[in-house]
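Heavy-atom basis, side chains included; hydrogens, waters and symmetry copies ignored. Chain letters run A, B, ... following the sequence lines, proteins first and then strands; every chain starts at 1.
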Amino acid sequence: MPELPEVEIAARNLREWTAGRSIVRVEASPTAKYVFRPSSPKAFARAVAGARFGEIRRIGKNLLVSLERDGAPLGVLAHLGMTGKWLRREAGDPPTRFSRARFALDDGAVLHFDDLRLFGRLRVVPGARFDEVPEVAALGPDPLDRGIDPAALGDALRRSKLPVKVRLMDQALLPGVGNIYASEACFRARVDPRRKGPSLAPREVKALAGAIVTAMKDGIARQEGPEITYVEEGGANPFLVYGREGEKCPRCRRAKIQRVVQAQRSTFFCPRCQR
DNA sequence: ACCCGTGTTCGCTG
DNA sequence: TCAGCGAACACGGG
């Protein structure tokens, strides 16, 4: 699931599910110790039980959940990792398949943090001082929230010899851009993902800046619906090039989509359209 | 059995 | 000193 669009959907869902609500009880699976590091599952549950929900922000792929407990601010930083998701169930429903933490609310709902691979994280942030968390402080401006300044993007690309697709995934530059949307943005901008940053012309940088934002907005639009209770997987591949090795390019319809490996991750592109 | 994986972090290296 | 690289993390799914 999770790059910026998926996390944005999660944020919207969570806002709806938690508005005005309090946490009645928390269960954290003891086997999922890794999810709660550097704290423990027990300490995490103890810290947030009884809290009332406040604002929920998203920066890149991070969810910043503000809580209030005994009149004092408290925060939870949530990251979905590779396979994390937030699901809403009713009290008494069976646990979701890879449920790692369960938050019982005062309206009878139970929010599950579900995560197959255990790369997700739930972390208590004392006083909700998110800006003191190094991983949050290191993030650049959120591209959806604040837009992308082509001049700033150009500067950043010029300062690094990394292939442009790899550079786009730097969370300090463009928080929220991950492996899928980096490929998708390069395709939309017609830029070869293997190009080195400094080789890009200003008009290509500008195209990239626009392509990143529109790719993410499309991703969000695809997933939002009138009655989302939770986002399901499965179904047709919604992406233009990602996961489409060997298929005909959706733009030129002549070349075949190629897959290459960059920085240990798969990159998909059209060798004819992307220069 | 084997390869793959929508993410991040850490230790090493040149 | 530090950008860049590769491994590690953990566990299915195909």
Got more than 12 heavy atoms from elsewhere within 6.0 Å of CZ, A:R25?
no
Counting only side-chain nitrogens and oxygens, does A:R159 get under 4.0 Å of the OP1 or OP2 atom of C:dA3?
no
Counting only side-chain N and O atoms of A:R265, is one of them less than 4.0 Å from OP1 or OP2 of B:dG5?
no
Any side-chain N or O of A:K61 below 4.0 angstrom from OP1/OP2 of B:dT8?
yes
Is NZ or CZ of A:R244 both nearer than 6.0 Å to the six-membered ring centre of A:F239 and within 45° of the ring axis?
no
Nearest-Å distance for atom pair CD1/P, residues A:I180 and B:dC4
17 Å
Below 4.0 angstrom from OP1 or OP2 of C:dA8, is there any side-chain N or O of A:R117?
no
d(CZ, A:R244; P, B:dT6) in whole Å
16 Å
To the nearest Å, give me how far apart CZ (A:R97) and C1' (C:dG12) are.
8 Å
Think A:Y242 has a side-chain N or O under 4.0 angstrom from the OP1 or OP2 of B:dT6?
yes
Atom of A:K161, atom of A:K196 and distance for their closest heavy-atom approach
O-CD, 2.9 Å
d(CG, A:L118; C1', C:dG12) in whole Å:
11 Å
C1'-based separation of B:dT9 from C:dG12 [nearest Å]
22 Å
Ring-ring centroid check A:W17 A:F103, cutoff 6.0 Å:
no
Test item: side-chain donor near acceptor, A:S99 and A:R102, under 3.5 Å:
yes
Taking atom P of C:dC2 as reference, at what distance in whole Å does atom CG of A:D170 sit?
16 Å
Which whole-number value in Å describes the distance from A:L168 CG to B:dT6 C1'?
15 Å
Which residue lies more 5' along DNA chain B, comparing A:E135 with A:L116 via nearest heavy atoms:
A:L116
Nearest listed nucleotide, side chain of A:F119, among C:dA10, B:dT6, C:dC5:
C:dA10
With the side chain defined as heavy atoms from C-beta on, A:H79 is closest, among B:dG7, B:dT6, B:dC4, to B:dG7
Give the intermediate values and the outcome of salt bridge (charged side-chain N to carboxylate O under 4.0 Å, His left out) for residues A:R123 and A:E135.
CA-CA 12 Å; A:R123 178 164 162 189; A:E135 304 93 282; 2.8 Å; yes
Kindly point out which of B:dG7, C:dG6, C:dA10 is positioned nearest to the side chain of A:E3?
B:dG7
Hey, does the side chain of A:T83 come within less than 4.0 Å of B:dG7's phosphate (OP1/OP2), counting only N and O?
no
What integer distance in Å separates A:I9:CD1 from B:dT6:C1'?
15 Å
Any side-chain N or O of A:S160 below 4.0 angstrom from OP1/OP2 of C:dG4?
yes
Determine: side-chain N/O of A:R100 to OP1/OP2 of C:dA10, distance under 4.0 Å, yes or no.
no
Atom CG of A:D114 to atom P of B:dT6: distance rounded to whole Å?
19 Å
